[in-house]
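Please read the structure below before turning to the comments.
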Amino acid sequence: MDRRGSDKYRSHPLHAANDAQKTLEPPSSAPLLSWYDRHHRDLPWRVSPSMAARGVRPDPYHIWLSEVMLQQTTVPAVKSYFAKFLERWPTVKALAEAPTDDVMAAWAGLGYYARARNLKKCAEAVARDHGGQFPDTEEVLKALPGIGDYTAAAVAAIAFDRPAAVMDGNVERVISRLYAISTPLPAAKPMMKAKVALLTPSERPGDFAQAMMDLGATICTPKRPACSLCPFRDNCVALRLHDPEHFPVKAAKKDRPVRHGAAFIAVNEAGEMLLRRRIDSGLLGGMTEVPTTGWTARIDGDATAGAAPFAADWQTCGIVVHVFTHFELRLAIFRAAIVGRPCADDGWWEPVTNLEAQALPTVMKKAIAQAIPRAFNQ
DNA sequence: GAGCCGTGGAC
DNA sequence: TGTCCAAGGCT
């Protein structure tokens, strides 16, 4: 058990780290900012250096929206969603007035759907309590739904040029290597945040924060970091120890259990599919689903017949496997041709041609595609 | 503090 | 193929 990541606990000579540190100059923000000016990435939510030089500041709404989307999500995955949201809801006020179901449907596929629910709540709070203007301090930002330590600091620094200590997974990796911190995460976070605070300059704190994250994303990568290109190469204790990949040390992860369930794709003679809305809390909260069993039981033929939303000629369509963060789901898929609209009180019958507009999470799209291969465009 | 909460890409 | 992980927040 605990095979995942357990080797991260392999021992490391602390005395060597201390000895190496004595021979290194402490890092400063200047080389990093210089590197950032030379390697700036053009991202949709950023203000270009030339515009910034003319005093143009980023739109706080854009920064906030991008930062929420980027929580535990990669830049390539976010880009199209960011463009879609800005086109549809150009201002925080527009987002505040949008129907929640529209926001959930637009978010479908990005994952961590509590972010979408909180995004809407946050927009409403900004419109209602702050006159449609985002607050410009960490403390007030953090009081808003979906804004925690990281996002509050990031918005304060990037949008408002506040000297906030921004720490995400990238910065944790950079800092842990710079100082060869052997305390495992997450226990080491307070120590790391203190290091970041000392390193954060009063000039260009927003650029510094983005530079630290860019450095972690492109140079100080988890595997095979490009240390020879790093502006901190002469200050990095982990590099001096010839083992940057050893850091950050993390607590071992737990095994991922397997859960079983069944999903039922019912289509009537009018080309409509039975859908339901999940409760607002918990897994896939507030999102749309096809009828399913609970996701704990082991499914066999007898249990499946009783678990269907209504009696019908259910045909088996095989198994869909979907991996969530903390468990793996194996979903038995069943399909039936229905006459009329049974169970309409428990959900609704949606034209199959309109499935793209629904708030269907990826696991549900996979289940539907298993039963009806042409339900979605690829 | 630790568990819960998605997804897709890289290796 | 399995494993890790990506600009975390909430409870």
Side-chain angles (χ1 to χ4, degrees), chain A residues 2-8 41 43-46 62-82 104 107-119 121-122 141-155 157-159 164 166-174 184-190 193 196 206 209-218 220-224 245 248 250-257 259 278 280-287 295 321-329 359-366:
Chain A
D2 272 2
R3 44 188 168 70
R4 296 166 62 194
S6 55
D7 63 329
K8 300 281 293 191
R41 290 194 295 169
L43 299 175
W45 41 87
R46 281 189 178 171
H62 296 188
I63 299 302
W64 162 74
L65 180 61
S66 67
E67 290 301 342
V68 173
M69 287 183 168
L70 286 163
Q71 290 167 7
Q72 297 291 285
T73 309
T74 58
V75 166
V78 162
K79 280 184 175 176
S80 65
Y81 284 87
F82 180 77
M104 301 303 290
W107 195 275
L110 252 193
Y112 284 136
Y113 298 100
R115 291 186 295 172
R117 300 194 296 272
N118 286 328
L119 190 81
K121 292 179 188 171
C122 184
L141 282 164
K142 199 184 165 184
L144 292 166
I147 297 186
D149 283 337
Y150 163 74
T151 306
V155 173
I158 298 171
V166 177
M167 197 172 68
D168 71 328
N170 288 306
V171 180
E172 285 175 3
R173 187 167 54 254
V174 172
L185 284 170
K189 264 184 114 169
K193 181 133 183 172
V196 176
Q210 293 179 94
M212 287 286 280
M213 293 188 282
D214 276 16
L215 189 72
T218 63
C220 195
T221 50
K223 303 296 180 187
R224 296 178 55 110
E245 282 190 32
K250 294 184 179 180
K253 295 173 182 174
K254 296 189 173 178
D255 290 333
R256 200 193 318 270
R259 299 187 193 175
R278 295 175 63 86
D280 281 325
S281 60
L283 185 74
L284 308 177
M287 299 295 284
W295 294 348
V321 178
H322 189 78
V323 180
F324 293 98
T325 303
H326 57 294
F327 68 92
E328 174 180 319
L329 177 64
L360 289 164
T362 297
V363 63
M364 293 300 158
K365 290 190 174 180
K366 284 162 73 172

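Convention: sequence-line order gives letters A, B, ...; per-chain numbering from 1.
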Euclidean distance for P, dG6(B) against dT3(C) (whole angstrom):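 After rounding to an integer number of Å, I get 22 Å for this pair.
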Same-atom distance (C1') from dC10(C) to dG1(B), integer angstrom: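 It comes out at 13 Å once rounded to the nearest Å.
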Using atom [atom1] of [X] as one end and atom [atom2] of [N] as the other, report the distance to the nearest whole Å.
X	N	atom1	atom2	answer
M287(A)	dC5(B)	CE	C1'	13 Å
K79(A)	dG9(B)	NZ	C1'	15 Å
Y81(A)	dG8(B)	OH	P	8 Å
E328(A)	dG2(C)	CD	P	8 Å
K223(A)	dG2(C)	NZ	C1'	14 Å
E245(A)	dC4(C)	CD	P	14 Å
R115(A)	dC5(B)	CZ	P	15 Å
D168(A)	dG8(C)	CG	C1'	9 Å

T74(A) (side chain) and dG8(B) (base): donor-acceptor pair under 3.5 Å: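 Flag unset: no donor-acceptor pair detected.
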For the backbone of [Y] and the side chain of [X], can you confirm whether one donor and one acceptor N or O come within less than 3.5 Å of each other?
X	Y	value
W107(A)	G111(A)	yes
R41(A)	D214(A)	no
R278(A)	G285(A)	no
T221(A)	T218(A)	no

Touch check for [X], heavy atoms < 4.0 angstrom, all strands: base, sugar-phosphate only, or nothing?
X	result
W45(A)	base
R224(A)	nothing
V323(A)	base
G109(A)	sugar-phosphate
R41(A)	base
L284(A)	sugar-phosphate
I63(A)	nothing
P361(A)	sugar-phosphate

Should [X] be listed as having a side-chain N or O under 4.0 Å from OP1 or OP2 of [N]?
X	N	value
Y112(A)	dA6(C)	no
R256(A)	dG2(C)	no
T73(A)	dT7(B)	no
H326(A)	dC4(B)	no
H322(A)	dT7(B)	yes

The single option from K142(A), Q71(A), E67(A) passing side-chain hydrogen bond (donor to acceptor under 3.5 Å, both in side chains) against T151(A):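 Answer to the side-chain hydrogen bond (donor to acceptor under 3.5 Å, both in side chains) test with T151(A) among K142(A), Q71(A), E67(A): Q71(A).
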Which residue lies more 5' along DNA chain B, comparing P186(A) with G285(A) via nearest heavy atoms: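 Looking at the nearest nucleotide for each, P186(A) comes out on the 5' side.
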Aromatic ring proximity F324(A)/H326(A), centre distance under 6.0 Å: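 They do not qualify: ring centres at least 6.0 Å apart.
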Side-chain H-bond candidate by donor/acceptor type, R115(A) with T73(A), under 3.5 Å: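 Judged by distance alone, the side chains do pair up.
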Parallel, tilted or perpendicular: rings of F82(A) and H62(A) (30°, 60°):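 The rings of H62(A) and F82(A) stand perpendicular, inter-plane angle above 60°.
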Filtered N/O pairs between nucleotides 9-11 of chain C and protein, under 3.5 Å:
residue, atom, partner, partner atom, Å
dG9(C), OP1, G148(A), N, 3.0
dG9(C), OP1, T151(A), N, 2.9
dG9(C), OP1, T151(A), OG1, 2.6
dG9(C), OP2, D149(A), N, 3.4
dG9(C), OP2, Y150(A), N, 3.1
dC10(C), OP1, G146(A), N, 2.7

Heavy-atom closest pair, residues R256(A) and T325(A):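 Where R256(A) meets T325(A) most closely, the heavy atoms are NH1-O, 2.8 Å.
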